[in-house]
Amino acid sequence: MNNDYEKLSPEALRRIDREVAKYPADQTQSAVMAALVIAQDEKGWLPKETIAAVANYLGMAPMAAYEVASFYNMYDLHPVGKYKITVCTNLPCALSGGVHAADYVKTKLGIDFNETTADGKFTLKEGECMGACGDAPVMLVNNKRMCSFMLPDEIDKLLAECK
Amino acid sequence: MALIDTINPLLTTGWAKGDAGWSLKDYEARGGYKQLRRVLESRMSQDDLIAEVKKSVLRGRGGAGFPTGLKWSFMPKAAPVKYVVCNTDEGEPGTFKDRDLMRFDPHSVIEGMIIAGYAVGAKAGYNYIHGEIFEAYQRFEEALDQARAAGYLGDNILGSGFSFDLFAHHGWGAYICGEETGLLESIEGKKGQPRYKPPFPANFGLYGKPTTINNTETFAAIPFILGMGGEAYLNLGKPNNGGTKLFSVSGHVNRPGNFEVPMGTPFAKLLEMAGGMRGGRKLKAVIPGGSSAPVLPANVIMDCTMDYDSIAKAGSMLGSGAVIVMDETVCMVKALERLSYFYYEESCGQCTPCREGSGWLYRVVHRIEHGEGRPEDLDLLNRVTDNMMGKTICALADAAAFPVRSFIKHFQSEFEYHIENKKCLVDPEVQRMGSGFFKAGNV
Ligand SMILES: Cc1cc2nc3c(=O)[nH]c(=O)nc-3n(C[C@H](O)[C@H](O)[C@H](O)COP(=O)(O)O)c2cc1C
Ligand code: SF4
Ligand code: FES
């Protein structure tokens with residue numbers, strides 16, 4: 001398993017190369033954010049070994065990559081469930097039920113923020129403004145899928161959909 | 001999809017077809033890339049171009065309202081390598097207009113950025129896109145591919161000899177990267193911690209090179225300004241407040257969404273466009289420019305027009321144009337608690353007044369909300385904000401302080417009630433129903 005974490009797949013490396021090409025030749029470090037996302041997509045989370053592999057590939061110090069991974073909220077430095085659900089509870093969303101939506105998910109799944117269900121399926125996170133407050137309540141599934149207008153029926157549907 | 005409604009649509013003309021109108025051929029069909037073509041074919045001088053933007057009195061749409069033409073004129077002429085950077089890190093609570101620009105009209109931002117590159121003499125640009133809006137990032141990447149294939153990006157654009165390329169950089173969850181120098185650090189592959197200023201980005205920006213950084217909506221306005229002329233654009237709004245503006249209206253209205261209106265439109269009109277108050281309830285307060293702007297009570301905002309000067313005169317800021325509407329079901333202490341938690345979480349921690357101060361603010365507001373407030377707490381909160389404002393590297397500390405001061409100033413009796421009675425002035429059941437999450441018979 002450990003060995004797995006230290007290696008990125010050829011497909012992941014190809015995708016990282018495409019990111020590196022966006023920046024001046026002497027600025028490969030600029031691709032570290034994207035590379036860490038690609039690595040997280042592949043491994044499910046970011047173990048230290050994977051962060052080091054990304055750093056080595058980009059020719060930067062592992063500590064510098066680790067600093068980045070720990071600074072930005074959407075990197076998972078610990079294992080998460082198959083579905084990570086992040087609920088926005090900031091004020092604009094809260095006015096339209098953001099906090100209530102989070103409470104509803106907590107009750108349904110029997111977990112609190114930053115917890116994972118016993119079957120390893122769901123992790124719940126509290127998020128900050130996602131720039132979608134007009135669609136409140138909003139949730140993000142696995143960082144990339146935005147779900148809008150999440151009233152009880154929609155939440156039920158979403159949870160049922162997550163197999 | 002966010003509902004939209006407009007008076008004098010400019011930026012939102014392309015939004016009518018929603019997700020079906022964003023592509024290159026749609027954009028060209030509505031006159032897109034015509035201004036870039038005109039600039040390049042007529043070999044317009046950089047000075048003339050910047051003068052036209054100055055005439056429009058376009059002010060930066062990212063929050064600070066700095067005149068865009070003036071900002072462009074600060075770029076040193078002689079420097080060999082320069083950059084143009086777009087700030088689509090839209091994380092200011094309440095703001096959701098740049099996401100819709102990315103989704104519904106990404107080419108207007110691309111055209112604006114290329115023209116800006118020409119004006120300041122940059123050959124490359126980056127658009128920094130908020131981490132949470134992956135679909136918008138993908139859409140923008142697709143739009144870039146289209147523009148490149150059509151010859152609007154790359155070497156020797158339209159045979160003019162001018163070369164410019166543009167790339168998207170995806171954020172990954174850090175509000176502070178919306179601050180322009182934190183954003184530049186982030187593109188460089190570092191923690192997004194703001195830099196000391198001066199030097200300003202026009203002298204020392206991305207990779208230490210002169211850099212112009214503007215908000216998404218600012219760039220999107222450029223093709224329209226060149227299309228109608230700076231003066232005509234200015235006249236759409238009011239003096240010193242040129243053009244139209246996107247307002248993101250959220251909270252207790254019937255139709256939350258983005259609305260494009262001329263600068264100087266009465267707040268009451270904007271509220272009406274957003275469908276009025278939800279359930280016909282009474283307006284209590286409005287934050288007119290994103291969560292960092294001071295809150296205004298109902299009677300004050302109802303007399304305002306939506307432009308930089310009117311909102312400033314009323315004691316707040318137009319900011320990013322995020323209008324957060326609160327009705328009588330809101331407990332102002334709880335509302336402030338949510339905001340204070342946000343700033344405490346998002347402080348990057350470099351400056352002691354911000355790092356420690358934002359924690360104090362959150363903890364004290366939290367204890368008032370939870371019935372553990374002390375009579376001296378309101379003074380304490382004001383003192384903590386005194387020690388934060390104007391004493392830090394970036395404006396996040398001020399952004400954390402403004403809500404606290406303004407909530408206490410305008411709703412002091414509600415805070416005092418909370419401290420004395422250890423509970424909300426607004427009945428918890430009324431608060432619960434106010435959000436619209438629970439329908440009768442539900443949950
Ligand atoms: C804490 C903080 C957060 C900010 N967030 C944003 C943002 O999300 N988007 C933005 O355009 N500007 C943001 N700004 C303002 C930028 O620093 C900068 O002024 C702006 O991008 C300049 O563009 P403009 O002149 O076109 O408005 C933020 C500023 C601060 C201090
Ligand atoms: S004011 Fe706050 S967010 Fe800004 S640089 Fe200082 S610590 Fe960081
Ligand atoms: S407050 Fe939730 S998306 Fe903006």
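Every value quoted in this text rests on a predicted model; they were computed, and no experiment measured them. Numbers restart at 1 for each chain; the letters A, B, ... are given by sequence-line order, proteins then strands.
Remark: B:F342 CZ to A:E128 CD distance equals 5.5 Å, nearest 0.5 Å. Note that the CD atom of B:E188 and the CD atom of A:Q27 stand 6.5 Å from one another [nearest 0.5 Å]. Atoms CD and OG1, from B:E132 and A:T86 in turn, are 8.5 Å apart once rounded to the nearest 0.5 Å.
Not counting sequence neighbours, the partners of B:E179 by the salt bridge (charged side-chain N to carboxylate O under 4.0 Å, His left out) test are B:K197. In terms of the side-chain contact (heavy atoms from CB on, under 4.5 Å) criterion, residue partners of B:C86 (sequence neighbours excluded) are, by chain and number, B:T88, B:V109, B:M113, B:N127, B:T216, B:F219. For A:Y83, the side chain to side chain donor-acceptor pair (under 3.5 Å) test picks out no residue, with sequence neighbours left out.
Neither the backbone nor the side chain of B:L166 comes within less than 4.5 Å of any heavy atom of chain A. Proximity to chain B is limited to the side chain of A:L140, based on heavy atoms less than 4.5 angstrom apart. For chain A, the nearby part of B:E345 is the side chain; its heavy atoms alone come within less than 4.5 Å. In this structure, no portion of B:T329 lies under 4.5 Å from any heavy atom of chain A. Looking at A:T89, the atoms closer than 4.5 Å to chain B (heavy atoms on both sides) sit in the backbone and in the side chain alike. There is no contact between B:S248 and chain A, counting heavy-atom distances below 4.5 Å. In this structure, the portions of A:P24 lying under 4.5 Å from any heavy atom of chain B include both its backbone and its side chain. Using a 4.5 Å cut-off between heavy atoms, A:M130 touches chain B through backbone and side chain atoms alike. Contact annotation for B:E185: neither backbone nor side-chain heavy atoms come within less than 4.5 Å of a heavy atom of chain A. Heavy-atom distances place no part of A:E154 under 4.5 Å from chain B, backbone and side chain included. Contact annotation for B:V81: neither backbone nor side-chain heavy atoms come within less than 4.5 Å of a heavy atom of chain A. If you measure heavy-atom distances from A:A64 to chain B, you find no contacts under 4.5 Å at all. Using a 4.5 Å cut-off between heavy atoms, B:H170 contacts chain A through its backbone alone, with no side-chain atom that close. Contact of B:Y175 with chain A is not made at all, since no heavy-atom distance falls under 4.5 Å. Looking at A:V138, neither its backbone nor its side chain comes within 4.5 Å of chain B, counting heavy atoms on both sides. Both the backbone and the side chain of A:A101 come within less than 4.5 Å of a heavy atom in chain B.
Options B:A136, B:S186, B:A322 differ in how many heavy-atom pairs under 4.5 Å they form with chain A, and the most are formed by B:S186. Your options are B:E135, B:M326, B:Q431, and the one with the most heavy-atom pairs under 4.5 Å with chain A is B:E135. Between chain B and the options A:A136, A:G127, A:G97, heavy-atom pairs under 4.5 Å are most frequent for A:G97. Chosen from B:G91, B:G131, B:S291, the residue pairing most often with chain A at heavy-atom distances under 4.5 Å is B:G131. The choice from B:F167, B:W172, B:Y126 that makes the most heavy-atom pairs within less than 4.5 Å of chain A is B:W172. Interface check for chain B: of the options A:M60, A:M33, A:H100, the most heavy-atom pairs under 4.5 Å are formed by A:H100.
The shortest distance between side-chain heavy atoms of B:K190 and A:E67 does not fall below 4.5 Å. Side-chain atoms of B:C348 and A:F71, non-hydrogen and from C-beta on, do get closer than 4.5 Å to each other. Looking at heavy atoms from C-beta onward, B:I187 lies out of side-chain contact with A:K22 at the 4.5 angstrom threshold. Side-chain contact between A:D26 and B:Y207 is absent, with no heavy-atom pair separated by less than 4.5 Å. Put simply, the side chain of B:F134 does not reach to within 4.5 Å of the side chain of A:M74, judged on heavy atoms.
Taking each heavy atom of A:C129 and B:P93 in turn, the nearest pair found is SG-CA, 3.6 Å. Across every non-hydrogen atom of B:H252 and A:L95, the tightest pair is NE2-O, 2.9 Å. The two residues B:R278 and A:S96 make their nearest non-hydrogen contact at NH2-OG, 2.8 Å. Nearest heavy-atom pair across B:G94 and A:P92 is N-CG, 3.5 Å.
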Report the C-alpha distance between A:D135 and B:R99 in whole Å, list the side-chain angles of each, state the deciding distance to 0.1 Å, and finish with yes or no for salt bridge (charged side-chain N to carboxylate O under 4.0 Å, His left out).
-> CA-CA 12 Å; A:D135 299 353; B:R99 170 180 178 234; 3.4 Å; yes
Show your working on side chain to side chain contact (heavy atoms under 4.5 Å, CB included) between B:F437 and A:L151 and close with a plain yes or no.
-> CA-CA 6 Å; B:F437 185 79; A:L151 295 175; 3.8 Å; yes
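Against chain A, the residues from residues 332-339 of chain B that qualify, each with a non-hydrogen atom under 4.5 angstrom away, are B:A335, B:R338, B:L339 in number order.
B:H169 and A:Y23 have perpendicular rings, their planes meeting at more than 60° on a 0 to 90° scale where under 30° would count as parallel.
In terms of modelled atom types and a separation under 3.5 Å, the side chain of A:Y72 and the main chain of B:G192 share a donor-acceptor contact. No side-chain donor-acceptor contact under 3.5 Å links B:S250 to the backbone of A:G134.
Enclosure of atom NZ in A:K121 by more than 12 non-hydrogen atoms of other residues, nucleotides or ligands within 6.0 angstrom is indicated. At most 12 non-hydrogen atoms from other residues, nucleotides or ligands lie less than 6.0 angstrom from NZ of B:K123.
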